[in-house]
Amino acid sequence: MEQRRLGQGLEVSAIGLGCMGMSDFYGPRDEAQSIETIHRALDLGVTFLDTADAYGPFTNEELVGRAIRGRRDQVVIATKFGNERAADGTFIRVNGRPEYVRKACEGSLKRLGVSHIDLYYQHRVDPTVPIEETVGAMAELVREGKVRFLGLSEAAPATIRRAHAVHPIAALQTEYSLWSRDPEDEILPTVRELGIGFVAYSPLGRGFLGGRFRRYEDLPEDDWRRNNPRFTPENFARNEALLARIEAIAARKQATPAQIALTWVLARGLDIVPIPGTKRREYLEQNAAAVSIALSADDLRELEDAFPRGAAAGERYPEAGMRAVNR
């Protein structure tokens with residue numbers, strides 16, 4: 001597996017594994033299957049694992065902790081704090097208070113069963129707490145050896161600059177894919193200016209760009225995507241036309257649509273690392289193989305022409321979720 005370097009010298013596998021869907025949001029859960037998938041990821045060299053205390057909540061970190069037991073030295077663990085949820089899953093608030101940062105980190109270390117976290121993100125920016133105070137508390141964790149590198153998720157350019165002035169930020173995580181190209185306007189130029197790596201979550205458009213779902217009805221009854229604007233029946237049908245362009249290139253390359261979508265993200269720069277999520281070994285293996293696929297300049301141009309900013313029908317989150325991003 002190819003390696004890529006994020007900010008501050010943090011080296012990770014060129015493709016990571018998003019673990020959220022193993023425990024939350026995306027339909028039925030199968031812990032044994034998920035742990036087998038994580039083990040297979042490590043065997044393939046996919047060693048950059050992404051989780052958060054909010055996933056489950058809490059149970060995803062526990063699952064990842066069980067999966068990496070005995071293999072800690074092979075793994076770069078990224079986890080997040082800030083989306084505070086109760087044990088029953090109820091969302092409480094976005095919390096960036098310094099005392100909460102420490103409490104959240106201690107909980108994550110315990111659930112993961114590790115002595116340190118490799119990359120610790122603020123999951124969402126708390127508009128009621130100056131970013132300097134939140135990152136200051138995160139920096140204390142670095143000095144104590146509990147965290148190696150710091151990250152932010154869904155932060156605005158001005159916030160990134162203020163945070164980076166307090167303590168070097170290694171990675172900025174934001175949704176980025178063929179149908180979510182907003183980061184190209186301001187966020188990518190900002191992090192590149194500052195030497196911060198970029199981690200692309202949902203690089204497959206929450207599974208849509210992989211062609212797994214052909215109709216709204218294909219989504220499981222308890223799947224969060226049923227409430228996502230891009231997956232409403234009307235928008236689903238409109239977005240199908242975009243998927244057809246990916247499938248045409250995939251057929252020419254003897255690849256899957258997911259591999260083409262991932263290869264496009266990988267081609268956007270060596271400082272970008274996509275973290276597609278999956279519970280299944282089959283899809284993991286396909287995703288990992290995307291690093292060996294080459295797209296020509298004509299292929300890339302065809303994809304980018306088909307997916308200009310705003311091409312996707314529907315916002316990427318419901319209204320409340322959109323208010324919490326890019327702050």
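On a predicted model such as this, the values are computed, not experimentally measured, just so you know.
Within the 3.5 Å criterion, the main-chain N or O of Q3 finds no donor-acceptor partner in the side chain of S13. Listed for the K80 side chain is a donor-acceptor partner under 3.5 Å among the backbone atoms of T51. The main-chain N or O of P229 is found under 3.5 Å from a side-chain atom of T232 such that the two form a donor-acceptor pair. Looking only at distances, no side-chain donor or acceptor of H116 sits under 3.5 Å from a matching main-chain atom of G145. Using modelled atom types, one side-chain atom of R226 and one backbone atom of P220 make a donor-acceptor pair closer than 3.5 Å. Under a 3.5 Å cut-off, the side chain of E240 and the backbone N or O of A237 do not form any donor-acceptor pair. Not a single donor-acceptor pair under 3.5 Å links the side chain of S202 to the backbone N or O of G205.
Distance check, rounded to the nearest 0.5 Å: CG of N83 to CD of Q122 gives 9.5 Å. Note that OG1 of T159 and CG of L152 are 8.0 Å apart. Values are rounded to the nearest 0.5 Å. The CZ atom of R181 sits 14.0 Å away from the CD atom of E175 when rounded to the nearest 0.5 Å. R280 CZ to D30 CG: the interatomic distance, rounded to the nearest 0.5 Å, is 9.0 Å. Taking CD1 of I196 as the reference point, atom CD1 of I160 lies at 6.0 Å (rounded to 0.5 Å). To the nearest 0.5 Å, atom CG of residue L284 and atom CD1 of residue I38 are 10.0 Å apart.
Transitive grouping of hydrophobic side chains (ILVMFWY, heavy atoms separated by less than 4.5 Å) keeps L119 and I68 in distinct clusters. Residues I77 and L172 are members of one and the same hydrophobic cluster, defined by side-chain heavy-atom contacts under 4.5 angstrom among Ile, Leu, Val, Met, Phe, Trp and Tyr.
Checked for salt-bridge contact, R5 and E11 meet the test: a charged N lies under 4.0 Å from a carboxylate O. Salt bridge absent: E61 and K110 never bring a charged side-chain N and a carboxylate O closer than 4.0 Å. Classification of R206 and D223 as a salt-bridged pair fails, no side-chain N sitting under 4.0 Å from a carboxylate O. Of the charged side-chain nitrogens involved, none lies within less than 4.0 Å of a carboxylate oxygen, so that E36 and R40 do not count as a salt-bridged pair.
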Step by step, work out the side-chain hydrogen bond (donor to acceptor under 3.5 Å, both in side chains) result for H167 and R143. CA-CA 11 Å; H167 187 280; R143 288 191 287 270; 6.0 Å; no
May I have the step-by-step check of side-chain contact (heavy atoms from CB on, under 4.5 Å) for L303 and L295, ending in yes or no? CA-CA 10 Å; L303 286 168; L295 293 178; 4.0 Å; yes
Going through the checks in order, is the salt bridge (Lys or Arg N to Asp or Glu O under 4.0 Å) test met by K146 and E140? CA-CA 9 Å; K146 295 178 180 178; E140 290 181 9; over 6 Å; no
Let me see the working for S177 and L209 under side-chain contact (heavy atoms from CB on, under 4.5 Å), right down to the final yes or no. CA-CA 9 Å; S177 69; L209 300 178; 4.0 Å; yes
Let's go through D53 and S108 carefully: what are the C-alpha distance in whole Å and the side-chain angles of both, what is the deciding distance for side-chain hydrogen bond (donor to acceptor under 3.5 Å, both in side chains) to 0.1 Å, and is it a yes or a no? CA-CA 6 Å; D53 58 4; S108 291; 4.6 Å; no
Set out, in order, the CA-CA distance, both residues' side-chain angles and the distance that settles side-chain contact (heavy atoms from CB on, under 4.5 Å) for L262 and L204, then state yes or no. CA-CA 7 Å; L262 283 174; L204 299 179; 3.7 Å; yes
Dump the intermediate steps for salt bridge (Lys or Arg N to Asp or Glu O under 4.0 Å) on R72 and D118, then the final yes or no. CA-CA 11 Å; R72 175 65 180 98; D118 296 302; 3.0 Å; yes
Begin with the C-alpha distance, continue with both residues' side-chain angles, and end with the deciding distance and a verdict on salt bridge (Lys or Arg N to Asp or Glu O under 4.0 Å) for D24 and R85. CA-CA 13 Å; D24 212 351; R85 296 176 72 187; 2.7 Å; yes
Using the salt bridge (Lys or Arg N to Asp or Glu O under 4.0 Å) rule, take R97 and E133 through it: C-alpha gap first, then chi angles, then the decisive distance, then the call. CA-CA 7 Å; R97 298 174 184 175; E133 294 183 13; over 6 Å; no
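Within a 6.0 Å radius of CD in E99, other residues, nucleotides and ligands contribute more than 12 heavy atoms. Within 6.0 Å of atom CD in E217, more than 12 heavy atoms from other residues, nucleotides or ligands are found, so the atom counts as buried in its surroundings. The environment of CD in E186 is sparse: at most 12 heavy-atom neighbours from other residues, nucleotides or ligands sit within 6.0 Å.
Looking at N228 and E315, their side chains never bring a donor and an acceptor atom within 3.5 Å of each other. Side-chain contact, R230 with S180: a donor N or O sits under 3.5 Å from an acceptor N or O. Inspection of the Y317 and E154 side chains reveals no N or O donor paired with an N or O acceptor under 3.5 Å. Side-chain contact annotation: T128 with D126, donor-acceptor N/O pair under 3.5 Å present.
Counting all heavy atoms, side chain and backbone alike, F236 lies closest to F208 at CE2-CE1, 3.7 Å.
Using a 4.5 Å cut-off on side-chain heavy atoms (C-beta onward), L44 and E285 make contact. Here the side chains of C105 and V147 are in contact, with some heavy-atom distance below 4.5 Å. In this structure the side chain of M22 reaches within 4.5 angstrom of the side chain of L63, judged on heavy atoms. Put simply, the side chain of L17 does not reach to within 4.5 Å of the side chain of P276, judged on heavy atoms. Counting heavy atoms from C-beta on, the side chains of I275 and I15 never come closer than 4.5 Å.
Applying the salt bridge (charged side-chain N to carboxylate O under 4.0 Å, His left out) test to residues at least two apart or on different chains, none of the pairs has a partner in residues 194-204. For residues 284-305, no pair satisfies ring pair (Phe, Tyr, Trp, His ring centres under 6.0 Å), with sequence neighbours left out. Annotation: salt bridge (charged side-chain N to carboxylate O under 4.0 Å, His left out) contacts involving residues 191-203, sequence neighbours excluded, comprise R161-E193, R192-D271. Residue pairs meeting the ring pair (Phe, Tyr, Trp, His ring centres under 6.0 Å) criterion with at least one partner in residues 31-83, sequence neighbours excluded, are Y55-H123, F81-Y120.
In this structure E2 satisfies the side chain to side chain donor-acceptor pair (under 3.5 Å) test together with R4, sequence neighbours excluded. Every residue two or more places apart in sequence or in another chain that forms a side-chain contact (heavy atoms from CB on, under 4.5 Å) with A324 is listed here: R124, R327.
Classified by interplanar angle (parallel below 30°, tilted 30° to 60°, perpendicular above 60°), the ring pair Y176/W264 is tilted.
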